[in-house]
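Here is the structure we will look at.
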Amino acid sequence: MCDMYEFGKYISKTRMSNHLSLEQLSEGICDSSNLNRIEHGKRYADKLTRDRMLGRIGIDGYDYENYINIKEYGQWKIRMEILNNISNGNLKEAYQKIKTYSESYDKYCNGNLKMQFCIFAYAQIKKRKGYNRRLGRIFADALECTVKCSCDMISSKVLSVQELLFIMDDACYNRKPKRMQIYEQVVEYIEKPYFDVFSKAMIYPKAVVNICREIFMEQNEPDRQSYVRMLELCSGAKDILGEAKRTYYLWELSRLLKNIYSYFLKNDGENSENGVTREQAEGNQGFMRAFKEAGRLAGISVKMQDDTYIYKEYGVYCTADVIYKRRRTLGLTVRQLADGYMIERTLAKIESGRANPHATTIKELFERLNMSAEYSRLEIVTDKVEAKDTIRKLKANCNGLEYDKALVLLTNLKGMIDLDIPVNRQYIIRTESCIEYDLGLIDKQQHIEDIIQALECTIPYEKIVYGDELFMTQEESMCINSIFSCGSSDFDSKKIEFIEYVYKNYSDINHEWMYDVFMSNIASWCGNEGDYDTSDRLSRELIKNCLIKGRLNLVDANFYNMAWNMKMRGDCAEKDNDYREYVLFAYYISSFCKKDNYKQLYSRKLKE
């Protein structure tokens with residue numbers, strides 16, 4: 001629930017830059033007049049509504065920090081429990097939770113979107129059971145909760161990735177004669193420039209897999225033109241997943257590419273006019289081995305079992321919990337936080353969830369706790385579309401080791417955002433220092449000093465209290481992780497204490513982000529200390545955690561960590577082979593994820 005005005009401004013500016021009308025964006029979600037009020041900060045939008053609005057303007061909120069009131073948080077937790085039960089095969093429990101959730105009342109919740117979610121979840125249960133009968137009608141019902149859309153209307157509608165998925169599954173399970181045309185239209189639709197790469201990763205691969213399956217069903221042996229089209233589609237889908245570091249339909253795409261590469265190499269040899277080489281085919285096979293081994297270590301199938309990922313979220317926080325834990329993190333008493341603004345009893349009620357405060361109250365408390373008071377945000381606070389686009393390009397340049405270009409973008413970003421806002425200043429200082437450190441422009445000590453300066457934009461370094469009520473934002477976690485990684489002597493004394501904290505609290509949903517950020521370094525640290533078994537166990541847990549979330553971003557580092565542990569345990573030939581194999585797995589995963597700096601590291605290790 002936080003700053004309604006900033007969220008509304010961002011939606012308004014993005015909508016207009018995408019040339020969308022109020023009526024188009026609000027269809028099936030709310031009246032256009034209500035959307036107008038949301039954009040002007042005069043009406044509260046619940047989380048389901050916010051997510052759908054962001055989705056329709058091409059923004060995936062997967063990596064956002066989201067702050068919601070205690071009642072909404074309870075509803076969100078039930079939705080995530082339903083999805084997790086489906087993914088884990090606990091279908092009876094999922095069905096009971098759907099029934100309870102659909103019958104519950106919450107005046108803040110969007111009824112159409114709530115019903116759409118319930119229908120979707122019910123359809124996923126039927127899919128997991130293998131009951132495909134009437135699934136097409138169920139997906140059609142889900143779609144009609146928000147929009148009516150025939151085959152020839154797709155291009156004229158404003159649709160989210162969820163609605164595009166319903167359109168495809170309606171066509172698939174109803175065996176519509178024009179289903180191939182529908183899949184092609186979805187591919188064309190998601191290529192619109194305003195969809196970010198994370199949104200594309202959620203729907204483009206599924207559409208491509210559907211197209212390829214139809215081609216193989218229609219033609220016993222597809223003709224050359226069909227293979228050319230499939231090569232183009234599958235390569236594009238895999239590139240999108242690599243950039244987003246996601247795993248949606250990745251195994252299915254890799255298997256398709258294996259067959260496609262074989263076709264061209266068999267018929268054209270190394271002189272294929274489509275650019276297919278034996279090296280590409282071998283790289284794809286190597287990646288499949290690495291991906292399959294990650295699944296084996298995690299005890300998770302790498303094949304797509306359901307589409308629950310389309311609704312899954314992390315980094316969602318209850319404002320009552322955040323205020324309590326943040327106050328404790330900063331070492332403040334109830335009296336100190338409430339001083340001059342409200343009586344202590346009122347603050348105590350807010351922290352315990354017994355009061356549902358107005359958005360302006362949350363905004364004031366968040367600002368006193370040195371936090372941004374936005375509904376949803378990434379690294380910075382801004383309503384400028386171009387600023388958030390710049391950050392995405394900056395990240396891509398850093399991953400590609402194009403640090404000179406990244407510094408130019410960072411300079412441009414400074415002119416776009418308000419640096420008087422502490423979280424903005426924090427992001428700029430940390431990012432600039434990381435780039436300069438990687439370029440060798442500053443030494444480790446200067447880098448640590450810079451990161452501490454960035455951290456102290458919002459939290460005094462000496463006041464961080466590692467206890468049962470720790471709360472840090474994602475950006476603050478990145479600062480601590482940088483200090484931790486550099487081996488600061490100031491931080492070494494707290495390292496064990498911090499490790500114990502992460503061990504104890506990682507299962508808490510509020511600390512999912514912290515767990516992902518820190519545990520790779522902790523696994524590596526355990527290996528350096530000679531505790532190889534603990535190090536391996538943590539790496540396996542992290543690989544599992546990544547695959548559950550549909551991510552590959554930390555898998556390569558943990559393959560390499562396990563390889564290093566193998567090497568340190570002994571020098572027999574068998575262990576050396578295992579070491580090289582796991583380094584090779586790390587190489588293939590980093591290559592797929594376009595992590596050029598890590599790819600170069602693993603390549604050097606393989607040559608040693």
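Reckoned from all heavy atoms, side chains included, excluding hydrogens, waters and symmetry mates.
- Taking a cutoff of 4.0 Å between a charged side-chain nitrogen and a carboxylate oxygen, K47 and D51 qualify as a salt bridge.
- For V302, the side-chain contact (heavy atoms from CB on, under 4.5 Å) partners at least two apart in sequence or on another chain are W251, F291.
- Taking the six-membered ring for Trp and thresholds of 30 and 60 degrees, Y101 and F117 have ring planes more than 60 degrees apart, a perpendicular arrangement.
- Legend: residues meeting side chain to side chain donor-acceptor pair (under 3.5 Å) with E476, ordered by chain and number and at least two apart, are R326, T458, T473.
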| task | Let me see the working for E475 and R430 under salt bridge (charged side-chain N to carboxylate O under 4.0 Å, His left out), right down to the final yes or no. | result | CA-CA 9 Å; E475 185 59 30; R430 182 187 67 81; 2.4 Å; yes
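- The closest donor-acceptor contact from the side chain of Y248 to the backbone of I203 lies at 3.5 Å or more, if one exists at all.
- Under the 3.5 Å distance criterion, the side-chain polar atoms of H40 are left unmatched by any main-chain donor or acceptor of K42.
- The structure places CD1 of I182 at 11.0 Å from CG of D169, a figure rounded to the nearest 0.5 Å.
- Checked for salt-bridge contact, K395 and E243 miss the test: no charged N lies under 4.0 Å from a carboxylate O.
- Put simply, the side chain of E351 does not reach to within 4.5 Å of the side chain of D321, judged on heavy atoms.
- In this structure, E386 has no side chain to side chain donor-acceptor pair (under 3.5 Å) partners at least two apart in sequence or on a different chain.
- Counting only distance, with no hydrogens or angles, the side chain of K595 and the backbone of N553 share a donor-acceptor pair below 3.5 Å.
- Residues satisfying the salt bridge (Lys or Arg N to Asp or Glu O under 4.0 Å) test with D389, not counting sequence neighbours, are R392.
- Using modelled atom types, no side-chain atom of K594 and backbone atom of G242 make a donor-acceptor pair closer than 3.5 Å.
- Ionic pairing of K157 and E27 is present here: one or more N-O contacts between side-chain nitrogen and carboxylate oxygen are shorter than 4.0 angstrom.
- Residues satisfying the side chain to side chain donor-acceptor pair (under 3.5 Å) test with T146, not counting sequence neighbours, are Q116, E163.
- Between S26 atom OG and E39 atom CD the span is 9.0 Å, to the nearest 0.5 Å.
- Residues passing the salt bridge (Lys or Arg N to Asp or Glu O under 4.0 Å) test with E23: none are found, sequence neighbours excluded.
- Taking Y249 as the reference, nothing meets the ring pair (Phe, Tyr, Trp, His ring centres under 6.0 Å) condition, with sequence neighbours excluded.
- For N18, there are no side chain to side chain donor-acceptor pair (under 3.5 Å) partners, not counting sequence neighbours.
- Exactly one of V209, I215, I211 qualifies for a side chain to side chain contact (heavy atoms under 4.5 Å, CB included) with R213. That residue is V209.
- Considering only residues two or more places apart in sequence or on other chains, Y189 meets the ring pair (Phe, Tyr, Trp, His ring centres under 6.0 Å) condition with F195.
- With sequence neighbours excluded, the residues forming a salt bridge (Lys or Arg N to Asp or Glu O under 4.0 Å) with K127 are D307, listed by chain and number.
- A salt bridge links E184 to R229: one of the charged nitrogens lies within less than 4.0 Å of a carboxylate oxygen.
- Without hydrogens or angle criteria, T329 side chain to F471 main chain gives a donor-acceptor distance under 3.5 Å.
- Panel note: side chain D418, backbone D420; a donor-acceptor pair is recorded below 3.5 Å.
- Checking side-chain atoms of N424 against main-chain N and O of L419 turns up no donor-acceptor pair under 3.5 Å.
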In residues 81-92, what donor-acceptor pairs under 3.5 Å come from side-chain atoms, sequence neighbours left out?
residue : atom : partner : partner atom : Å
E81     : OE1  : K97     : NZ           : 3.2
N84     : ND2  : M80     : O            : 3.1
N85     : ND2  : E81     : O            : 3.1
S87     : OG   : L83     : O            : 3.2
S87     : OG   : T308    : OG1          : 2.9
S87     : OG   : K312    : NZ           : 2.9
N88     : ND2  : N84     : O            : 3.0

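- Centroid-to-centroid, the aromatic rings of Y67 and F366 come within less than 6.0 Å.
- Checking T49 against N110 by side-chain atom types alone, a donor-acceptor pair falls below 3.5 Å.
- For the atom pair SG of C118 and CG of L113, the computed distance is 11.0 Å after rounding to the nearest 0.5 Å.
- Applying the salt bridge (Lys or Arg N to Asp or Glu O under 4.0 Å) test to K349 and every residue at least two apart in sequence or in another chain returns nothing.
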